[in-house]
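This report refers to the structure that appears directly beneath it.
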Amino acid sequence: MELHCDTCARVRIFEKPACADHPRATCPDRACTGCGAAIVVAPVIMLMDRKPRVILRRAA
């Protein structure tokens, strides 16, 4: 896969590194074959406020 490497400042070939800690060897990370810089793909995490909603009402 060819991607732009920020360290090399040009388009380089990126390979999937050995990833023992990821299930089924479907590691989403990539490493530049030229300099070894890595692109780490983190899962999207949605943070939700667990506090109950506060509804403000005007005084009558």
Side-chain angles (χ1 to χ4, degrees):
M1 171 185 302
E2 290 185 355
L3 299 169
H4 183 269
C5 178
D6 290 335
T7 305
C8 296
R10 63 184 202 172
V11 175
R12 300 294 296 234
I13 297 174
F14 279 73
E15 293 181 347
K16 187 186 317 185
C19 191
D21 62 339
H22 204 274
R24 293 177 286 167
T26 57
C27 188
D29 304 336
R30 300 287 182 258
C32 176
T33 57
C35 67
I39 296 177
V40 180
V41 181
V44 177
I45 298 173
M46 295 179 63
L47 299 176
M48 299 177 66
D49 187 7
R50 299 194 187 273
K51 297 177 186 174
R53 292 184 183 176
V54 175
I55 300 173
L56 301 175
R57 297 184 186 174
R58 291 185 184 183

Report task. Quick one: do Glu15 and Arg30 satisfy side-chain contact (heavy atoms from CB on, under 4.5 Å)? Show the steps, please. Result -> CA-CA 5 Å; Glu15 293 181 347; Arg30 300 287 182 258; over 6 Å; no
**Report entry** Heavy-atom pair with the smallest gap, counting every atom of Cys5 and Cys8
**Finding:** SG-N, 3.4 Å
Query - Shortest non-hydrogen separation from Ala9 to His4 and the atoms involved - result: C-NE2, 3.8 Å
Requested in this report: Applying side-chain contact (heavy atoms from CB on, under 4.5 Å), run through Asp29 and Ile39 and close with a yes or a no.
Outcome: CA-CA 6 Å; Asp29 304 336; Ile39 296 177; over 6 Å; no
**Report entry** N/O donor-acceptor pair under 3.5 Å between Thr33 side chain and Ile13 backbone
**Finding:** yes
